[in-house]
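Reviewing the structure listed below.
The chains referred to below are lettered A, B, ... by the order of the sequence lines, with proteins before strands, and numbering in each begins at 1. These numbers come from the heavy atoms of this one structure, side chains and all, not from hydrogens, waters or symmetry mates.
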Number of protein chains: 2
Amino acid sequence: MHKKTTILLAEDEPALGLIIKESLETRHFHVLLSENGERAFQVYQEHQPELLVLDVMMPRKDGFTLAKEIRAIDDTIPIIFLTAKSQTQDVVEGFTIGGNDYLKKPFSMEELIVRINNLLKRKEIQNTTEIISLGQFTFNFPKQLLQFNSEEPMQLTHREAHLLFHLIKNKNQVLDRSLILNKLWGNDDFFSARSMDVFISKLRKKLHQDESIQILNVRGFGYKLIC
Amino acid sequence: MHKKTTILLAEDEPALGLIIKESLETRHFHVLLSENGERAFQVYQEHQPELLVLDVMMPRKDGFTLAKEIRAIDDTIPIIFLTAKSQTQDVVEGFTIGGNDYLKKPFSMEELIVRINNLLKRKEIQNTTEIISLGQFTFNFPKQLLQFNSEEPMQLTHREAHLLFHLIKNKNQVLDRSLILNKLWGNDDFFSARSMDVFISKLRKKLHQDESIQILNVRGFGYKLIC
DNA sequence: AACCAGTGTTAACGTGTGTTAACCGATTAG
DNA sequence: CTAATCGGTTAACACACGTTAACACTGGTT
């Protein structure tokens, strides 16, 4: 039997909060209940839960604001918002991008469980597939981390991570310049091309530690990552 | 006539599975059809196919999970996923690293054939292009490195490496000028021919250290690498 | 508002690769 | 023998790419 999944539940109405907490605990989740957004943020930092269930309407920091703050720290944690019917659909849907979902009150416990399991499964897939080993490096694409052996991981920027991802996807083959430019920069004009050169240079510097990995240029066509 | 390529097809919908199986068999592939992920894994272990075509949505072990298990055993086998349109692009793309590809349902049989042949060809190239020894030299084609005994390896350019590769593949036979020109330069006009002369000259200089290796000219026909 | 840190783009300058040109020797047909 | 052709070699060149730094923009902090 493996460790229980920890869920942070932020709900200001005590009666509802307890019901949800108890229901989830019968499903073998470990639930931390907070009565407002500020408190929830503290609990998040102390316990680092694996999933968040946030009421949108809360005193002392609402669910959306809280979500943004936590997303700045961890941009892959799944979040489920609990919304009252007064919330406009648009605003709520805007927040469901990424690993988010939402539930309109009132909802059945079954609906919540299904959504929790869906998000956990989706994240499971991402975690186990998008950590790629590359020579002596480990590349965690969703977290944009590049680690050499067991040294301190380097934080890559968004562009660096995406470029590296595509190079790895096409490793040992020539990756077409204009293809990558159109995919990552949206066009393949002169300036984007020069910008890409800069990022190739940055990646080479970061991959320098493992001599067996090289980004070779194929003049006029693109790049080839060999490993 | 060489041995048929064995493909493992995992598809839970019997009608679709049979159509694909039969189509591939008319293209002279040997197809093993399994109706779920668990069964497919058994078949994989018994027959060790050369390529996998996996439906993502399957009862008793989905395609992604199956792929992960098989990849733990063989991390080079090419895999093609068949995905329904409900699958999010991100998750699917995460799985296309390495030797993978995917096809959105519905798809034409032609698309599938093209992808199968691409992946098989790609793997073929990787297998046949390892490290070649040439007299006292070691030539690493994918990395474009030419090493004399244990001296510091020389970094070849893309053109140099490809030209040398073809010379080696046809060593001790005459390699036709226009053949190589069409293959590497895309045409065999005057200028390309002169350009090739320059590269032959460069290669001769780099191979000079080992007297027993020579690139001989056969006037009017081409070159012969002797070693 | 002023400041700072992080990210990506633009600019400036340097290097490497492949093509073209120029000049040469070798081979061969007439 | 000699002119024509083919290939060898070197250098000049154009341009693709590499590297570094300056700059602009964003979002957060004081």
Side-chain angles (χ1 to χ4, degrees), chain A residues 41 61 64-73 75 143-146 153-165 167 174-208 214-225, chain B residues 144-146 154-164 166-167 174-181 183-208 214-225:
Chain A
F41 189 70
K61 196 172 288 178
F64 289 152
T65 309
L66 176 60
K68 269 198 290 186
E69 287 179 12
I70 294 180
R71 265 291 148 79
I73 300 165
D75 66 343
K143 292 193 176 176
Q144 304 179 186
L145 292 174
L146 183 64
M154 292 175 274
Q155 180 70 254
L156 300 186
T157 71
H158 187 246
R159 277 251 194 275
E160 286 172 339
H162 275 261
L163 182 54
L164 181 56
F165 179 69
L167 283 165
V174 178
L175 177 57
D176 191 73
R177 277 185 81 89
S178 60
L179 208 101
I180 219 84
L181 282 168
N182 284 319
K183 194 140 192 170
L184 298 193
W185 274 263
N187 65 67
D188 65 346
D189 66 17
F190 174 80
F191 294 110
S192 298
R194 300 337 306 291
S195 189
M196 176 173 163
D197 290 341
V198 175
F199 279 94
I200 290 286
S201 179
K202 284 177 178 168
L203 281 181
R204 281 188 176 129
K205 203 175 278 177
K206 292 198 166 154
L207 293 170
H208 179 76
Q214 289 195 46
I215 302 175
L216 293 185
N217 170 253
V218 182
R219 188 187 163 93
F221 292 92
Y223 293 96
K224 186 164 71 166
L225 176 75
Chain B
Q144 304 177 186
L145 293 173
L146 183 64
M154 293 176 275
Q155 181 71 255
L156 300 186
T157 72
H158 188 245
R159 276 247 194 280
E160 287 171 340
H162 274 262
L163 183 55
L164 181 56
H166 279 95
L167 284 165
V174 178
L175 178 56
D176 191 72
R177 278 185 81 89
S178 61
L179 207 100
I180 219 94
L181 282 168
K183 195 141 191 169
L184 298 193
W185 274 262
N187 64 66
D188 65 344
D189 65 17
F190 174 79
F191 295 111
S192 298
R194 299 336 308 287
S195 190
M196 176 173 161
D197 291 340
V198 176
F199 278 95
I200 289 287
S201 178
K202 283 178 178 167
L203 281 182
R204 280 186 176 132
K205 202 176 278 178
K206 290 195 168 155
L207 293 170
H208 185 246
Q214 289 196 46
I215 302 174
L216 294 185
N217 171 251
V218 183
R219 191 182 164 93
F221 293 93
Y223 294 97
K224 186 161 75 167
L225 177 74

When you check every protein heavy atom under 4.0 Å of nucleotides 8-20 of chain C, what one-letter string (B, S, -) results, 5' to 3'?
SBBS----BBBBB
Return whichever of A/Lys205 or A/Arg177 has its heavy-atom-nearest nucleotide of DNA chain D closer to the 5' end.
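The residue whose closest nucleotide sits nearer the 5' end is A/Arg177.
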Check whether any side-chain N or O of B/Arg159 sits under 3.5 Å from a backbone N or O of B/Trp185 as a donor-acceptor pair, and report yes or no.
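No; judged by distance alone, with no hydrogens or angles, the pair does not exist.
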Could you tell me the separation between the [atom1] atom of [X] and the [atom2] atom of [N], rounded to a whole number of Å?
| X | N | atom1 | atom2 | value |
| --- | --- | --- | --- | --- |
| B/Phe190 | D/dG8 | CZ | P | 13 Å |
| A/Leu163 | D/dC17 | CG | C1' | 14 Å |
| A/Leu203 | C/dT7 | CG | P | 14 Å |
| B/Ile215 | D/dG7 | CD1 | C1' | 14 Å |
| A/His162 | C/dT7 | NE2 | P | 14 Å |
| A/Gln214 | D/dG18 | CD | P | 13 Å |

Does OP1 or OP2 of D/dA16 have a side-chain N or O of A/Tyr223 closer than 4.0 Å?
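No.
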Do [X] and [Y] come close enough that some side-chain heavy atom pair is under 4.5 Å?
| X | Y | answer |
| --- | --- | --- |
| A/Gln155 | A/Leu145 | yes |
| A/Leu167 | A/Leu175 | yes |
| A/Leu146 | A/Glu160 | no |

With rounding to the nearest 0.5 Å, note down the distance linking CE in A/Met154 to CD in A/Gln144.
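If I round to the nearest 0.5 Å, the distance is 13.5 Å.
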Side chains of A/His158 and A/His162: any donor to acceptor distance under 3.5 Å?
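Judged by distance alone, the side chains do pair up.
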